[in-house]
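First comes the structure, then the notes that go with it.
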Amino acid sequence: MDNELILKLISEAKTVANQNFCCKYSNFTVGAALLCEDGTIYTGFNIENHGIQSICAERSTFAKALTEGQKEFKAIAVVARNLNEAKFKKTLPCGYCRQFLSEYTTPDFKIYTYDEIEDKIYSYTIAELLPESFNL
Ligand SMILES: [Zn+2]
């Protein structure tokens, strides 16, 4: 994928992670930017509540896109930082999100994350992050 577009996704993920965060339990803000096949970008962040039902940034972002009628997706950028630290660090989808992503994307769907300390972009496919995924 075009490097400029990858940088745009990372930038939008950082912006949403820095605004209006709802991570009062972990103080770990996660932002995601999802690129749809038609070029639309949706953003979202992790939304925590007391208990185990918190919503990860990846799934909150997909929920926005899916409810707007999007069905085909190309890539997602995920970034995160502790609120008491300035820089974002490499962050990848949790196991639950990997399963979710695998059900709404194709095996070549790309996941990008950015480590601001290393100034390095990491890139994976969902098939790499969740090989042999569960299917009905
Ligand atoms: Zn997750």
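Note that ligands are numbered from 1 as they come in the structure, with each ligand's atoms numbered from 1 the same way. In this chain, numbering begins with 1 at the start of the sequence shown.
I10 and I111 end up in different hydrophobic clusters when Ile, Leu, Val, Met, Phe, Trp and Tyr side chains are linked at under 4.5 Å.
Within the protein, the N, O or S atoms sitting under 2.8 Å from the Zn ion (ligand 1) are C56 SG, C94 SG, C97 SG.
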CA sep, side-chain torsions, deciding dist, call: E116, R81, salt bridge (Lys or Arg N to Asp or Glu O under 4.0 Å) | CA-CA 10 Å; E116 205 163 20; R81 68 176 176 86; over 6 Å; no
Apply side chain to side chain contact (heavy atoms under 4.5 Å, CB included) to L101 and F73, showing your working.
-> CA-CA 10 Å; L101 294 175; F73 308 99; over 6 Å; no
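A donor-acceptor contact shorter than 3.5 Å links the side chain of K64 to the backbone of T43. Proximity of a side-chain donor or acceptor of N49 to a complementary backbone N or O of S54 within less than 3.5 Å is detected.
A salt bridge between E12 and K8 is present, with a side-chain N of the basic residue lying under 4.0 Å from a carboxylate O of the acidic one.
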